[in-house]
Structures are given as structure tokens and as C-alpha cells.
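In what follows, every heavy atom counts, from backbone to side chain, and hydrogens, waters and symmetry copies are set aside. Every chain is numbered from 1 and lettered A, B, ... according to where its sequence line falls, protein lines coming before strand lines. Everything quoted here is computed from the prediction, not taken from an experiment.
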There are 2 protein chains.
Amino acid sequence: MVTETGSITIHNVAKVAGVSISTVSRVVNGLDRVAPDTRHKVKTAIRRLDFHPNSRAQALSRKRTDTISLIVPDFEGQYFSMLMEGAHEEAQANGVHIMVLKAKSSEEKIEAVTRLCSQGRTDGVILMLSDLYGDVLKGIGHINSPLVILDQDVHSWRLDNILLDNRIGAFEATRHFIDTHNVDDVFFLGGSEDNVDTTARARGFADALKSIGLNAKGRQFFGNSYSYDEGYHLAEEKIFPLINPEKHYGVVAANDDIACSIIDALMDKGIRVPEQVGVTGFDDSDMAIHRRLKITTMRIPTKEIGRVAVRMILNRLSGRVSEPAKVVLKARLIVRDSCGCGRHDNSIPGDKHGK
Amino acid sequence: MVTETGSITIHNVAKVAGVSISTVSRVVNGLDRVAPDTRHKVKTAIRRLDFHPNSRAQALSRKRTDTISLIVPDFEGQYFSMLMEGAHEEAQANGVHIMVLKAKSSEEKIEAVTRLCSQGRTDGVILMLSDLYGDVLKGIGHINSPLVILDQDVHSWRLDNILLDNRIGAFEATRHFIDTHNVDDVFFLGGSEDNVDTTARARGFADALKSIGLNAKGRQFFGNSYSYDEGYHLAEEKIFPLINPEKHYGVVAANDDIACSIIDALMDKGIRVPEQVGVTGFDDSDMAIHRRLKITTMRIPTKEIGRVAVRMILNRLSGRVSEPAKVVLKARLIVRDSCGCGRHDNSIPGDKHGK
DNA sequence: TAAAATTGTAAAAAGGTTTTTATAACATCA
DNA sequence: TGATGTTATAAAAACCTTTTTACAATTTTA
């Protein structure tokens with residue numbers, strides 16, 4: 001029983017304190033009652049030997065790793081950063097760790113989740129599903145660890161689920177133009193029609209139009225991706241020709257990247273933004289404020305998503321919750337300048353700043 | 001020995017295959033030779049029972065968690081994303097996992113590293129040190145797991161170390177203005193003087209000036225942080241007054257945020273960028289291309305840093321390497337428009353685009 | 001052909017905890 | 001004072017592997 005390796009174990013502590021290992025364990029974990037005198041002896045020995053329980057042995061014995069896995073399609077953008085921020089905060093506060101994995105394709109996702117769980121390497125999995133999900137969830141099948149699905153409504157699968165109400169978000173952005181700015185018309189410019197965010201936001205835009213008796217048809221345009229250059233061309237080709245200089249418009253962009261490109265494209269065409277055309281973004285990313293014309297955008301409570309996701313896993317581990325939980329978080333309109341609400345003197349070509 | 005829980009263990013496999021557990025282990029790990037016939041029996045049983053080795057038990061027995069910890073001050077920006085990208089790629093390729101922790105203060109860093117290591121929760125630690133490091137490394141003291149330090153030169157501590165040559169990067173950006181654009185003068189605008197990146201880049205700028213017999217004094221300015229608004233005001237207050245409309249200047253910004261704010265501030269003052277004043281950034285972040293005037297910037301091989309860091313840990317674990325390794329990576333100049341190299345017709349107020 | 005080496009497998013030990021069971025010491029009640 | 005409870009601790013079992021040791025069976029060498 002003599003450990004020749006350098007590490008101090010519960011056995012060493014027991015010997016020094018003159019008690020059994022089970023007593024040491026009880027002192028360390030503080031669950032069971034121990035005589036004050038004994039407790040003191042053990043604590044002294046622990047301090048003297050600088051004993052730290054071996055987490056690997058604890059994991060085996062407790063059947064728990066104190067690790068939660070976060071699986072995302074990629075590590076880019078603020079969404080991931082904020083998700084991490086929230087997840088880490090909640091994890092840290094509860095003494096668990098976050099393991100991060102990237103899985104883009106359905107196969108990769110299935111493989112990652114099943115491997116992590118069947119190996120018992122993680123106590124729970126947070127899986128971000130931005131695209132199709134049926135085959136992924138079917139592929140995963142039954143697992144014994146808690147699983148939280150992000151970003152995609154997986155109703156009927158009886159899984160913990162966190163969603164963002166993109167529809168309402170876009171609805172509000174659109175209504176902002178209608179209600180506050182009294183625009184003559186409003187357009188939507190999205191990324192790919194395959195993207196769940198874009199489609200949900202397009203739906204919100206359409207709903208807002210419907211609410212005032214208009215049809216979205218001919219007012220929304222899509223590209224192949226969320227890129228600046230593509231957004232720029234789309235704005236040039238689709239939006240610009242529809243602009244009547246006498247009128248006042250609003251453009252709801254599916255995200256901040258696209259909002260940037262729309263603003264630049266229209267300004268390059270000589271359109272005054274936001275006077276003639278107001279623009280709103282989505283995501284409240286860095287670029288919304290790293291510009292002369294600060295972008296009005298929908299802020300997504302991403303950090304909250306991360307926090308809630310970890311909380312859900314912990315709840316399930318504690319066994320307190322039984323029914324699958326579904327949390328829908330709402331985006332919030334951050335009013336800045338690009339919609340026309342803020343200072344009006346900063347983005348007008350040839351204005352008093354001397355251009 | 002009958003496990004009542006649902007999980008399949010090596011014992012179940014052994015029983016079904018009619019062999020001992022050690023034989024199953026040898027088949028699974030494939031280290032020792034096993035008779036073809038026995039191997040087949042075992043493999044069949046494994047497949048039939050859908051056995052997966054319990055990683056917690058493996059961790060205890062092998063004294064290794066197949067987990068590498070990445071400790072960063074925060075999760076924001078492309079630097080973190082790219083670091084993760086590289087680290088995950090290398091980790092995935094070697095069957096290990098990445099655990100991510102946030103530690104801002106020195107105390108948090110010390111606490112995180114020592115706890116992870118003394119508990120045996122990780123096989124190695126990648127620690128990003130952007131600020132002072134002496135007290136952190138002293139606080140950490142001796143640990144038994146491999147430790148790689150990022151971003152800060154910790155010579156004399158005999159630790160694996162990965163650095164970015166910020167000095168050379170800024171030197172090259174500065175020389176680009178001098179050599180290619182033949183500017184009449186050049187300025188540097190940084191973040192906080194406490195920030196190691198800013199100071200190293202300022203040094204590179206100064207070295208470039210010295211190389212042509214000039215002094216950096218009066219040509220470099222610092223703020224309190226890396227923020228857009230502060231950069232904007234600094235550019236207004238410090239750079240603008242120095243600009244002679246008849247002359248041609250270059251401004252080296254300590255990062256892309258500041259480059260954005262300089263460009264906007266100068267343009268708002270009626271200065272033509274890049275014709276009168278060229279600007280370069282640093283980092284090649286998103287915002288460098290999400291603008292009308294694409295920013296010339298120094299691209300940092302961040303992904304490579306992540307990859308190399310993991311590789312260093314793995315090398316050390318394998319025991320093949322003995323001496324501490326030090327890798328210095330270089331930033332690369334990405335030439336776009338803001339320095340004056342690209343198209344010149346896009347950012348001029350009142351140009352042919354009709355403004 | 002006896003001795004030695006090799007091969008294939010079983011049995012046991014080790015890894016460091018937690019948790020259950022057992023036991024001793026002591027207090028409480030009838 | 002003997003039965004009953006309570007408390008504090010020790011001992012042992014369990015968690016599930018990997019790895020070492022031991023031992024037969026077989027092959028090779030002298």
C-alpha cells in the first residue's frame with residue numbers, strides 16, 4: 001500500500017493523522033459527522049502534506065467527471081465567445097469544467113456526442129444545432145447523459161432546449177421602422193435561405209408586414225452566405241433599384257455583417273443613410289460599434305444561453321427536474337444611429353464635417 | 001462482481017468471450033500479442049455488447065486524462081477563436097480534449113493552474129500571459145504537468161514558450177509606409193502602454209524609425225485601452241493637428257480597432273484616407289474587411305499558435321523532448337487598401353460614386 | 001531428448017477515491 | 001443492570017481499467 005510515486009494520497013493522510021482512510025474521506029467531503037478532535041487531526045495532516053484529492057479517482061468512484069461538453073459547429077464570431085462566457089461563468093460557479101469540441105457535419109456531431117457519453121467522459125452535453133437536426137438526434141439515439149439542444153426547436157424529442165426568438169426579434173426591428181420612423185417601405189436582406197436564423201428572421205419580417213396588411217413578397221432577398229461582399233452586391237442589385245429618392249425606407253438585415261455591407265453599398269451609390277434609408281442589423285457584434293455610423297441592431301442574449309444551458313445540465317444531474325425544459329430567449333433592440341434614431345449629422349456625405 | 005448498473009464493462013466482455021479481463025484489455029489496446037482466434041472471440045463479444053472502455057477508469061489506471069487545459073484572460077475576439085481552432089485541430093488529431101478556462105487576474109491564473117495540476121485533472125496546461133508574468137510563474141511554482149506559456153517571453157524560467165514577434169510586425173508595417181509609399185512622416189497610435197502587445201509594437205515602430213535615422217519621440221501616442229471611441233479621440237487630438245495637407249503620412253495602429261477609429265476620425269475631419277494619410281492595423285480581424293476601405297493589417301498566425309501549443313504539450317508527455325522549446329511566430333503584412341496600395345477611388349468623399 | 005526459450009492466457013495487484021457494512025465504545029431507558 | 005440506541009471509526013467492497021506476475025503449453029536449442 002506504500003505509494004512510491006510522488007503524489008500524496010488519502011492513505012498518507014490517514015497514516016499521519018492516525019485514522020482510517022474512510023475518516024479522511026469523510027472529513028474531506030464533510031458529509032458525515034466526525035468528532036471535532038478527529039476532524040482537527042485530519043485537517044492538520046492534510047495541510048501539512050498538502051493533500052489534494054485525485055480527481056481521476058474521484059471521477060471513477062463518483063461516476064462523474066465534473067465536466068460538461070460544449071459542441072459547436074465552429075469557434076468563430078461573438079456568438080461562440082459569449083456562449084463560452086456564460087457557460088464558463090455558470091460552470092465555474094458550480095465547480096465544473098467546460099470541454100469544447102467542434103463538430104460541423106451531422107456525422108461529426110453524432111460521433112462526438114455518442115463517444116463522449118459512452119466513454120463516460122462528460123457529465124452532460126450542450127449541442128448547438130444550427131441546421132437540420134432530425135438525423136443528428138436520431139443518430140445519437142439514447143444516451144444516459146443530459147443533453148441540451150441549442151438554437152433549434154426540437155419539440156417532440158423530449159430534450160432540454162434553448163431557443164432564441166429570431167422571429168419576434170425581426171418582427172420588432174421591422175415594426176421599429178414602421179412605428180417609429182414611419183417609413184414608406186421596408187425591405188429584408190438575409191444570408192442563405194438554408195440558414196435557420198435567416199429564415200426565422202425573414203418570417204418575423206414577413207409577420208410584421210402582414211400586421212400592417214402588406215406582403216413580404218418582393219421585399220425580401222437572400223444570398224448564399226453571410227458575407228460582406230455578397231451583401232454589398234445584393235444591396236447594390238436588389239435594394240438600390242427599388243429606392244425612390246423622394247421616399248423614406250427601412251432595411252432589416254439578417255445580421256450585422258450584412259447591415260454593414262448594405263450601409264456601405266447604399267452610401268457608395270449616393271444614398272443617404274439613415275436619412276433616406278435606415279438600416280438595422282442583428283447580433284450586436286463588434287462591428288456594430290466599430291464604425292462611424294453606429295448600427296442599430298438586435299442584441300442576442302448569448303451569454304444567457306450559455307449560462308442557462310449549463311444550469312439545465314446541472315439541474316438534470318441533481319435529479320430535481322423531470323420534465324424536459326424549453327427556454328425561449330428574446331433579442332432586444334439596441335437603438336443606435338443607423339436606423340435614424342441617433343445623431344443625424346455624421347454619415348451624410350458632404351455634411352458639415354467638410355467632406 | 002456483478003455490475004447492476006447499465007454499463008457494460010470489460011468483465012461482461014470477458015465472460016461472453018470466455019476469456020479473462022486482461023485478455024480483453026490486451027485486445028482493446030492492442031499492445032500485447034493475442035492469438036488470432038482469441039482476438040476474434042473478444043472482438044465479437046465487444047461488438048455484440050457494444051462495449052466502450054470507461055474513460056474514467058482508464059484515466060485512473062493510466063494516470064492520464066487525455067485532456068489539455070487552455071487558460072485565457074477572456075473569450076473575446078478573433079484571437080481566442082483562432083487559438084481554439086488550432087488547439088482543437090491538433091488535439092482532435094491526437095485523441096485528446098481541450099478544456100477551456102478563463103482567468104484574468106494573476107491570482108486566478110495561479111489558482112487555476114495549481115488546482116488543475118494538483119488534482120490531476122489535466123495532462124497539460126496552455127497558459128496565455130498577456131501582462132506581467134513573474135508573480136504568476138512564481139505563484140505557480142513547481143508543477144508536475146507540462147506547461148506552455150503563450151504571448152510572453154518567459155526566458156530563464158525554462159518553460160515551453162510560444163511568442164509572436166510583434167516588434168518585427170510593427171517594424172514591417174512602418175517600413176511599408178517608408179519604403180513603398182514614400183511618406184513624409186509616420187505615426188504610431190497604441191492602446192495602453194501597460195499592454196505588452198502595444199509596447200512591443202511601439203518598439204518595432206521606433207526601430208523602423210531609427211533604421212532611417214528618425215526618432216519615435218513625438219510620433220507615438222498611447223491611450224488607456226483598445227477602444228474605438230478612445231482611438232477616435234486620440235486620432236482627433238494627437239494625429240490630426242500634425243497633418244500638413246500638402247504632405248503624405250502613414251499611421252501605424254496597434255490593432256484593427258484603433259485603425260478603424262483613426263480612419264473614421266481623420267475622414268470626419270476631412271482628411272482623405274489613404275491618399276493623404278495611409279493607415280495600417282494589426283491582427284487582421286473581421287473589421288478589417290467589413291468596411292468600405294479594406295484595412296491593410298498584420299495577420300497573426302494565431303491558429304498556428306494553438307496548434308503548436310498542443311503539440312508542445314504532447315511532445316513533453318511523450319517524453320521525447322527534454323529541453324524547453326521556444327517558438328517565435330511572425331506576423332504577415334496583408335496589403336489591402338487603407339495603406340494606399342489598393343483601389344483609390346472608394347473612400348474619397350465626393351468622388352465619382354456620387355456623394 | 002532434456003533444457004531453455006517463447007507464447008498465450010489467467011490471476012492478482014495497483015490506481016485513489018467513495019460508500020457500505022461492521023464493530024466498538026458509550027449513553028439512554030426501563 | 002441488561003436491552004436498546006447512538007456515535008465515531010475501521011474495514012472492506014466497489015468503481016473499471018491497466019499492468020505485472022505467474023503458470024501452463026508449446027516451440028526451439030543444445
Handout entry: Members of residues 112-123 of chain A that approach DNA chain C, where some heavy atom sits under 4.0 Å away
Key = none

Exercise for the section: If a pair satisfies ring-ring contact (aromatic ring centres under 6.0 Å, His included) and one of its residues is in residues 38-74 of chain B, list it, with sequence neighbours excluded. Expected result: none

Problem - Sorted by number, the residues of residues 48-55 of chain A with heavy-atom contact under 4.0 Å to DNA chain D - result: none

Handout entry: Donor-acceptor pair between Thr65(A) and Asp123(A) side chains, under 3.5 angstrom
Key = yes

Handout entry: Side-chain N or O of Gln58(A) closer than 4.0 Å to phosphate OP1/OP2 of dG16(C)
Key = no

Exercise for the section: Could you pick out which residue, Arg39(B) or Ser61(B), lies toward the 5' side of DNA chain C when each is mapped onto its nearest nucleotide? Expected result: Arg39(B)

Exercise for the section: Determine the contact category for Val34(B): base if any of its heavy atoms lies under 4.0 Å from a base atom, sugar-phosphate if only primed atoms, P, OP1 or OP2 are that close, otherwise nothing. Expected result: sugar-phosphate

Exercise for the section: Could you tell me whether Asp160(B) and Arg316(B) make a salt bridge, using a distance below 4.0 angstrom between a side-chain N and a carboxylate O? Expected result: yes

Exercise for the section: Check whether any side-chain nitrogen or oxygen of Arg33(A) sits under 4.0 Å from OP1 or OP2 of dT7(D), and answer yes or no. Expected result: no

Exercise for the section: Compare side-chain N and O positions of Thr23(B) against OP1 and OP2 of dG8(C) and report whether any pair is under 4.0 Å apart. Expected result: no

Problem - Side-chain ion pair, Arg158(B) and Glu323(B), N-O less than 4.0 Å - result: yes

Problem - Residues that Leu60(A) engages under side-chain contact (heavy atoms from CB on, under 4.5 Å), provided they are two or more places apart - result: Ala57(B), Leu60(B)

Problem - Between dA25(C) (P) and Asp37(A) (CG): distance, integer Å - result: 17 Å

Completion exercise
Residue pair Ile21(B)/Ser25(A) against DNA chain C: nearer the 5' end by closest nucleotide is Ile21(B)

Exercise for the section: Check the side chains of Asn54(B) and Arg121(A) for a donor-acceptor pair under 3.5 angstrom, ignoring hydrogens and angles. Expected result: no

Handout entry: Pair Asp37(A) + Arg39(A), salt bridge at N-O below 4.0 Å
Key = no

Practice task
If a pair satisfies ring-ring contact (aromatic ring centres under 6.0 Å, His included) and one of its residues is in residues 57-84 of chain A, list it, with sequence neighbours excluded.
Solution key: Phe75(A)-Phe80(A), Phe75(A)-His88(B), Phe80(A)-Phe80(B)

Exercise for the section: Respond yes when some side-chain nitrogen or oxygen of Arg56(B) is under 4.0 Å from OP1 or OP2 of dC16(D), and no when none is. Expected result: no

Exercise for the section: Indicate, yes or no, whether a donor-acceptor pair under 3.5 Å links the base of dA12(C) to the side chain of Ser22(B). Expected result: no

Practice task
Count the heavy atoms of every other residue, nucleotide or ligand shown that sit under 6.0 Å from CZ of Arg115(B), and state whether that count exceeds 12.
Solution key: yes

Problem - Test log, rule salt bridge (charged side-chain N to carboxylate O under 4.0 Å, His left out), inputs Glu108(B) and Lys102(B) - result: CA-CA 8 Å; Glu108(B) 285 171 335; Lys102(B) 178 169 114 173; over 6 Å; no

Problem - Position toward the 5' end of DNA chain D (nearest nucleotide), Ala57(B) or Asp32(B) - result: Ala57(B)

Exercise for the section: State, to the nearest 10°, the angle formed by the axis through the first five base pairs of the helix from dT1(C)-dA30(D) to dA30(C)-dT1(D) and the axis through its last five. Expected result: 50°

Exercise for the section: Measure from the side chain of Thr9(B), starting at C-beta and using heavy atoms only, and say which of dC16(D), dA10(D), dT17(C) lies closest. Expected result: dC16(D)

Exercise for the section: Would you kindly say whether Ser106(A) and Asp135(A) are connected by a side-chain donor-acceptor distance under 3.5 Å? Expected result: yes

Completion exercise
Here the pair of heavy atoms bringing Asn161(B) nearest to Met312(B) is O-CE, 3.7 Å

Practice task
Could you check which of dT18(D), dT9(C), dT17(C) has an atom nearest any side-chain atom of Thr38(B)?
Solution key: dT9(C)

